[in-house]
There are 2 protein chains.
Amino acid sequence: MFGECTGIGGIIVKSNVTMRDIADKLGVSSVTVSKALNDKEGVSDELKEKIKIVAADMGYRFNTHARSMKEGLSYNLGIVIPERFTGSTQAFYLQFYQLLSKVLDSFHYSGILHILSQEDEDQLVLPRIYNEKKVDGFIILGQIGKEYVKQIQKIESPVIFLDFYTDQNEIDSVLSDNFYGVYEVTNYLIRNGHRKIAFVGNIHATSSIQDRFLGYYKSLLEHRIDLNHQYVIKDRDDLGKYIDIDVPQDMPTAFVCNNDEVAYNLINMLQKSGISVPDDCSVVGFDNSIYSTLTDPPLTTVEVDMEEMSKVAVKFIMEKLNNPQKKYGRTFIKGNIVFRDSVKPIK
Amino acid sequence: MFGECTGIGGIIVKSNVTMRDIADKLGVSSVTVSKALNDKEGVSDELKEKIKIVAADMGYRFNTHARSMKEGLSYNLGIVIPERFTGSTQAFYLQFYQLLSKVLDSFHYSGILHILSQEDEDQLVLPRIYNEKKVDGFIILGQIGKEYVKQIQKIESPVIFLDFYTDQNEIDSVLSDNFYGVYEVTNYLIRNGHRKIAFVGNIHATSSIQDRFLGYYKSLLEHRIDLNHQYVIKDRDDLGKYIDIDVPQDMPTAFVCNNDEVAYNLINMLQKSGISVPDDCSVVGFDNSIYSTLTDPPLTTVEVDMEEMSKVAVKFIMEKLNNPQKKYGRTFIKGNIVFRDSVKPIK
DNA sequence: CTGAAAGCGCTTACAG
DNA sequence: CTGAAAGCGCTTACAG
């Protein structure tokens with residue numbers, strides 16, 4: 001594999017420089033070189049400096065695999081995204097992956113993306129990166145099947161679920177605070193005089209939607225507004241496929257949508273049937289995704305703090321790596337309301 | 001690192017099973033186990049089968065790092081995306097990464113994303129995954145600075161540029177056929193009777209835009225239509241920041257936009273000033289991105305065949321891994337026109 | 001068809 | 001402050 005080639009003047013130039021090569025050149029041992037390059041104790045400062053310079057001169061590159069063999073750590077983390085969340089309109093989780101990848105870099109870790117196919121999810125097939133010990137742990141993005149969760153819990157590596165939880169115990173997850181986000185944005189609508197407020201979302205499709213609904217419901221309860229079941233409107237079937245939104249006969253004055261895309265669709269639908277937003281009715285979304293700036297008027301929505309969520313998820317993994325017994329349970333990260341122009345007060 | 005723990009009935013259970021453990025259990029050598037698990041010659045079929053079963057029973061997982069050490073291959077590939085292409089509205093390259101990651105999987109490779117910060121790009125700092133030999137090569141997504149290209153060309157690992165080229169020689173790149181894509185969509189406009197056709201894009205911002213412009217120009221030339229410099233309209237400054245689009249005094253009947261996002265902005269702008277698309281003028285885009293379905297009417301555009309591009313890029317890398325001398329130069333992958341409703345014939 | 005030996009490039013005790 | 005020895009878990013010749 002590693003060739004030698006004849007350099008200028010016929011000198012043999014190794015294309016693959018190791019610590020031993022550096023050691024030989026300086027007449028020291030490879031142990032000393034290892035200590036110097038890793039800034040460990042037991043080597044004089046002068047020698048350390050000299051070794052570092054020679055290493056750079058010789059074009060030395062550290063071989064992670066040798067260290068991995070000794071330590072049993074790969075310094076890689078697997079990021080798993082179920083295939084069905086990776087359509088060309090769904091950049092959300094890829095965005096997360098990108099943030100995670102940056103945070104991991106600061107820990108000298110790398111992130112390896114694994115798209116979990118529906119087939120592998122059904123058959124409970126674990127990622128190849130697990131079977132080949134390419135990663136030290138996993139961050140799972142988005143909802144996956146209960147059985148697969150069980151399967152993943154069996155492995156000894158640390159796992160954190162991001163943007164998803166189930167009632168299965170012993171699961172550590174980092175979540176956006178869906179409940180309080182929608183609670184607060186609904187409060188905001190009520191402060192603006194709205195009382196006929198609908199919620200748009202299938203509350204049996206995902207736990208996120210369920211929690212968002214409950215935040216909406218809590219706000220109603222606190223303000224002594226009865227929950228009108230006509231005002232809980234499906235946006236998708238139980239499998240997550242979007243369906244046409246049925247606006248109730250008795251028109252609400254405001255809509256709380258479970259996400260921006262749905263709000264985008266709703267606004268277009270309303271405007272086509274001659275209903276103006278926000279003049280005739282107000283609409284709020286969730287996510288602060290690309291859709292929130294594409295509506296006209298732009299959408300008041302709840303921004304998920306993806307960056308903070310990524311930081312916390314990685315921090316948890318790192319701590320579980322040191323202490324596998326460590327448990328976190330569910331951790332909620334607060335989002336922020338982004339005020340735009342899709343809400344209008346009612347007199 | 002690897003503990004032993006006392007299992008049921010006080011039997012010592014190793015949490016980290018190696019080939020040696022399997023060998024000991026069966027009274028064979030680890031060489032035989034290695035051959036059996038890798039389906040190599042020199043082991044009887046019965047023994048192979050027995051070894052595989054025992055391996056599965058014992059929960060054996062292959063250790064990539066040991067193999068990597070011997071072979072000098074990591075079975076990882078670095079995917080580099082410059083930071084400035086990773087805004088929350090730009091899922092394009094992340095989408096590419098996802099496709100690449102799937103293709104790599106079929107070669108038993110994994111993709112490691114590296115977001116190249118502007119600072120590292122300016123300082124010519126190579127990714128840590130290179131300095132730690134975590135990857136066997138690189139796919140670079142999107143335009144990067146000339147000096148950085150030079151820096152990357154110095155390394156001995158194979159590199160493929162995806163969706164970008166420069167005039168720097170010895171560079172292998174896989175590109176969408178910008179030139180012919182726009183050439184054909186402009187031909188389509190001309191077949192529909194248009195002759196006053198504008199191009200929207202700063203032709204000095206990226207080589208993609210330049211090529212798209214040239215495809216537009218070739219179509220004009222072939223149809224003996226003079227290039228009107230008023231009809232080449234900037235959409236961004238030379239650094240890529242979008243600016244307001246200045247529609248020329250003498251209104252064109254059709255606009256060829258360098259991408260869908262620009263087409264989206266243009267259509268909104270036109271409609272706000274009372275110009276109807278496609279009745280008053282036609283608009284075409286490029287990319288078939290999310291924007292193409294968000295315009296009203298939906299956009300006729302050119303679809304980039306990202307999947308094919310990903311396949312070809314990975315294939316090239318794999319072949320360069322076997323034969324580092326191999327050169328490909330520029331490879332263009334054809335896109336397809338997606339016909340929607342933003343073009344209307346002229347009498 | 002099977003296996004003993006050597007080696008990939010590091011790091012971790014341990015001895016001096 | 002420095003280094004010899006052993007080992008991480010595989011695979012590659014080579015010998016039988």
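Chain letters run A, B, ... following the sequence lines, proteins first and then strands; every chain starts at 1. Basis for what follows: all heavy atoms, side chains included, without hydrogens, waters or symmetry-related copies.
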Please list, for nucleotides 10-14 of chain C, all pairs of protein and nucleotide N/O atoms separated by less than 3.5 Å.
residue	atom	partner	partner atom	Å
C:dC10	OP1	A:Y60	OH	2.8
C:dC10	OP2	A:M19	N	3.0
C:dC10	O5'	A:Y60	OH	3.2
C:dT11	OP1	A:N38	ND2	3.0
C:dT11	OP2	A:S34	OG	2.1
C:dT11	OP2	A:N38	ND2	3.3
C:dT11	O2	A:K70	NZ	3.2
C:dT12	OP2	A:K40	NZ	3.1

[X] [atom1] to [N] [atom2]: how many Å, rounded?
{"X": "A:I22", "N": "C:dG9", "atom1": "CD1", "atom2": "P", "value": "12 Å"}
{"X": "B:H65", "N": "D:dC8", "atom1": "NE2", "atom2": "C1'", "value": "11 Å"}
{"X": "B:D21", "N": "D:dC8", "atom1": "CG", "atom2": "P", "value": "10 Å"}

Can you name the side chain to side chain contact (heavy atoms under 4.5 Å, CB included) partners of [X], sequence neighbours left out?
{"X": "B:D39", "value": "B:K48, B:K52"}
{"X": "A:E307", "value": "A:L99, A:D305, A:K311"}
{"X": "B:P82", "value": "B:R84, B:F85, B:E121, B:I144"}
{"X": "B:K146", "value": "B:D167, B:Q168"}

Handout entry: Sub-6.0 Å ring centroid separation between A:Y93 and A:Y97
Key = no

Hits for side chain to side chain donor-acceptor pair (under 3.5 Å) against B:S74, two or more places apart or cross-chain, chain-then-number order -> B:D136

The side chain to side chain donor-acceptor pair (under 3.5 Å) partners of A:K154 (sequence neighbours excluded) come to A:Q151

Ring pair (Phe, Tyr, Trp, His ring centres under 6.0 Å) filter on A:Y130, not counting sequence neighbours, yields none

Across all chains, not counting sequence neighbours, the ring pair (Phe, Tyr, Trp, His ring centres under 6.0 Å) partners of A:Y328 are A:F316

**Phosphate contact (C:dG3 OP1 or OP2) by B:T32 side-chain N/O below 4.0 Å** = yes

Contact check, residues 42-52 of chain A vs DNA chain D, heavy-atom distance under 4.0 Å, returns A:G42, A:V43, A:S44, A:L47

For DNA chain D, the dot-bracket notation using Watson-Crick and G-U wobble pairs below 3.5 Å, [ ] for pseudoknot-type crossings and | for other-strand pairs, is |||.||||||||.|||

Which atom pairs, donor and acceptor, lie under 3.5 Å between side-chain atoms of residues 122-129 of chain B and protein residues at least two apart or in another chain?
residue	atom	partner	partner atom	Å
B:D122	OD1	B:Q118	NE2	3.2
B:R128	NH1	A:H108	O	3.4
B:R128	NH1	B:E132	OE1	3.2
B:R128	NH2	A:D105	OD1	2.8
B:R128	NH2	A:Y109	O	3.2

